[in-house]
Amino acid sequence: MSKKLSIKGLVVEAQKPSGEWFTIVHGVDVEVKAGEVVALIGESGAGKTTIGLGALAYSRPGTRIVGGSVNLDDVDLLSIGKNQRRKIRGKKIAYVAQSASAALNPAIKLGKQVKESLKVHEILNPNGWDKRVMELFGLLDLPGPEELADRYPHQVSGGQQQRVMTAMAMACLPDFIVFDEPTTALDVTTQVEVLKAIKDVIRKKGTGAIYVSHDLSVVAQVADRIIVLYDGKVVENSRTEDILESPKEEYTKALLNAVRSVPEDSSFVKKDILPPKNEPLIELKNIYASYKRSSWLKPLTENHHILHGINLSVYPGEVVALVGESGSGKSTIARVMTGLLSQLSGEVLYEGTPLSPKVKKRSLEHLRLVQMVCQSPDTTLNPRQPVLEAIGRPLELYFGLSGQKKHERVKELLSMVELPSDYAYRYPPELSGGEKQRVSLARAFGVNPSIILCDEVLSALDTIVATSVLDLLGDLKKKLDVAYLFISHDLATVASVADRVVVLYSGRICEDGPIEKVFSPPYHPYTALLMSSVPELKHGWLEQILDSRSTEKKDDTGPIPERSMCAFQPRCPVYDKTRCEKGLPPGRNLGDNHVIYCHAELDRLPYSRSFV
């Protein structure tokens, strides 16, 4: 008998602060067969995650399932006891959370967390646990599996955390998996590999999946069917090809129209006059950084470095984008800038003044001027404190505001980010992902900074909400003349907001220049790889890109290059041993402050995104 997950007439209610209950999911049906992927799409608040959790007969605090059934192999999970459900969750049906940083235990090493479900469900024997972990880490293209298993969550990038979460769900090889935005935090090249891994597991193991996502380009690559949701109700339910090619409902058409793509040439770039480049607002000079610390017993080596000689400047009013794969050092640069991570060597300068490597030793004024908005607001907003306190504390710290003056300023800031003033009295769990990110922006803008470091601020948002937040960032930049360091793996978004782009690979800068130059040929080979990896809104794109790359002549099985050489050489399609092993690639200025760090001659550089 074929295995099947069947949700019938699911009704979920949520509780208002007043104690009143109201319906957020209205009688939804979802059916998933073995080896089938059903995608749930819709904007923030549509009920996607609520339904996904409902597939495990689970409801978040403040919500409750009041109707319907959830049948897994003819067993209604809603009608059995809690202990029976615990035995099924993780073993027969598993869940990959959207926010890995909030889901992973910060005090337990990653390898041990993945082995936990194997131990609980008595899968394999203890000798086989480590082998299963290494197999899964390898399948998900995690670098240095043994070393990574020995790290804590905060010691890896957001994309790596997300892949560890996926490994945890796959550990017991369950019959069904609920993927809740599993590639949200991933860069485009890693996303391709993770999507491939997900499809391989589904094909080889016959695993069924519910795939929750706001990214239609990704959904187009993995889903057999798509269910479009709005306000907890099904708007449209059809085969993926039918949804993409001939959507019936206006809301579905709006979702499709909101998908951003990287244009094929530089004509999309607005040739706005940039601020005169006199003195940088903030500058990194020859920065080396690591998450490990040396001791006389274990001195640091170059292989422990995350950043290698980074030189980077941001000028007043400028938007500089950092792009690159997970683990390339993007967030590490932001942490060094803010003093959250002390550099091993080099300097951070603000308007020519050296800043202390440690945040505790920086002046209040410098702390105020350099603000950061993190990828996951769930990890930066205290769930037990109202929005009034979240936004108000910096106002007290930097300006001494209190009482009524603080209340009025918080309401002004909420209005500035287009939230009602009564949100001041709400708590973060009562807000959607987009609303929480707006609160984070209000908190950062409220102290009148000169630069804001935006670390993947749109990655957890659906396309419609992300577009509105992006417009908000643009409006606030014009009004307040603030500079941005915009960290993102979404190249389409970068193309629409950045003045300048810095491409990072393995802790080094590959390319640096104006947006219209970096996103036009000739490309650095790694830039071409990134751009060719942006998913297209076309069913079957993933297979096409994987087929094209399977013919590449590259050797990524050999030893990692020495840090005194080009780190990208094992993956580079224009690699030449006689040329590329002479040392670090030189910086070659192609004009207009566009620098490419590559050994290849100009006529050997990629002139097409399909080059790789």
Side-chain angles (χ1 to χ4, degrees), residues 1-8 10 28-42 46-49 51-56 70-73 92-96 98 139-140 166 169-170 173-184 186 191-230 233-249 251-253 255-256 259 462-463 535-547:
M1 182 178 176
S2 178
K3 295 178 180 180
K4 184 171 67 174
L5 172 65
S6 180
I7 301 173
K8 296 288 187 183
L10 184 68
V28 169
D29 296 342
V30 180
E31 186 171 291
V32 188
K33 299 175 184 177
E36 183 184 33
V37 180
V38 176
L40 305 180
I41 68 167
K48 306 184 299 295
T49 296
I51 295 168
L53 290 170
L56 287 87
V70 179
N71 287 289
L72 177 60
D73 296 341
K92 290 190 175 183
I93 182 168
Y95 178 74
V96 179
Q98 177 178 359
L139 179 67
L140 293 166
T166 303
M170 293 179 174
L173 302 179
D175 298 325
F176 294 91
I177 301 178
V178 177
F179 292 100
D180 191 354
E181 305 277 12
T183 61
T184 289
L186 303 182
Q191 180 173 256
V192 168
E193 296 300 325
V194 172
L195 289 175
K196 175 182 178 296
I198 290 172
K199 294 196 77 170
D200 285 347
V201 167
I202 290 168
R203 184 180 68 252
K204 293 175 182 177
K205 305 297 181 182
T207 306
I210 292 177
Y211 197 100
V212 175
S213 181
H214 61 257
D215 191 334
L216 271 166
S217 298
V218 170
V219 164
Q221 311 316 316
V222 298
D224 300 298
R225 286 190 298 115
I226 294 176
I227 297 177
V228 182
L229 297 161
Y230 180 75
K233 300 174 183 176
V234 175
V235 173
E236 194 164 349
N237 182 352
S238 188
R239 294 169 60 248
T240 299
E241 296 89 336
D242 295 337
I243 292 285
L244 298 179
E245 295 171 8
S246 55
K248 297 178 181 179
E249 302 297 327
Y251 179 67
T252 308
K253 295 175 183 177
L255 288 177
L256 290 167
V259 175
D462 63 75
T463 49
E536 296 179 10
L537 193 60
K538 181 173 66 176
H539 197 55
W541 171 87
L542 180 64
E543 285 71 24
Q544 290 178 8
I545 196 71
L546 290 172
D547 287 344

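Numbers here are sequence positions counted from 1.
Taking both residues in full, the closest heavy atoms of A55 and V70 are given as O-CG1, 3.4 Å, listed atom of the first, atom of the second, then distance. The two atoms that bring V235 and L229 nearest to each other are CG2-C, 4.2 Å, heavy atoms only. V218 approaches P535 most closely through the heavy-atom pair CG2-CG, 4.4 Å. Across T240 and A223, no two heavy atoms sit closer than the pair OG1-O, 2.7 Å. Closest of all the heavy-atom pairs between I51 and V28 is CD1-CG1, 3.8 Å. In terms of heavy atoms, A94 sits closest to A169 at CB-O, 3.5 Å.
Under a 4.0 Å N-O distance rule, the pair D175/K3 qualifies as a salt bridge.
A donor-acceptor contact shorter than 3.5 Å links the side chain of K48 to the backbone of G42. A donor-acceptor pair is defined here as one N or O able to donate and one able to accept, closer than 3.5 Å; no such pair exists between the side chain of D180 and the backbone of V96. A donor-acceptor pair under 3.5 Å is absent between the side-chain atoms of S6 and the main chain of E31, judged by distance alone. Between the side chain of K199 and the main chain of Q221, a donor-acceptor pair closer than 3.5 Å is present.
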Please evaluate residues D29 and L10 with respect to the criterion side chain to side chain contact (heavy atoms under 4.5 Å, CB included), reporting the C-alpha separation (whole Å), side-chain torsions for both, the decisive distance (0.1 Å), and the verdict.
CA-CA 7 Å; D29 296 342; L10 184 68; over 6 Å; no

Give the C-alpha distance, both sets of side-chain angles, the deciding distance and a yes or no for side chain to side chain contact (heavy atoms under 4.5 Å, CB included) between V192 and L542.
CA-CA 7 Å; V192 168; L542 180 64; 3.9 Å; yes

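Evaluated for a side chain to side chain contact (heavy atoms under 4.5 Å, CB included) with I243, the options R225, K248, E236 yield exactly one hit, E236.
Here OG1 of T252 is found 12.5 Å from OH of Y230. Values are rounded to the nearest 0.5 Å. Atoms NZ and CD1, from K92 and I177 in turn, are 15.5 Å apart once rounded to the nearest 0.5 Å. In this structure, the separation between CD1 on I227 and OH on Y211 is 15.5 Å, given to the nearest 0.5 Å. Taking OH from Y251 and CD1 from I41, the interatomic distance works out to 7.5 Å, rounded to the nearest 0.5 Å. Atom CD1 of I226 and atom CG of L40 lie 10.0 Å apart (nearest 0.5 Å). L72 contributes atom CG, which lies 6.0 Å from atom CD1 of I93 (distance to the nearest 0.5 angstrom).
For the pair L56/V178, a side-chain contact is recorded, criterion being any heavy-atom separation below 4.5 Å from C-beta on. Counting heavy atoms from C-beta outward, V222 and F179 have side chains that stay 4.5 Å or more apart.
Scanning for side-chain hydrogen bond (donor to acceptor under 3.5 Å, both in side chains) contacts around N71 gives S69, with sequence neighbours left out.
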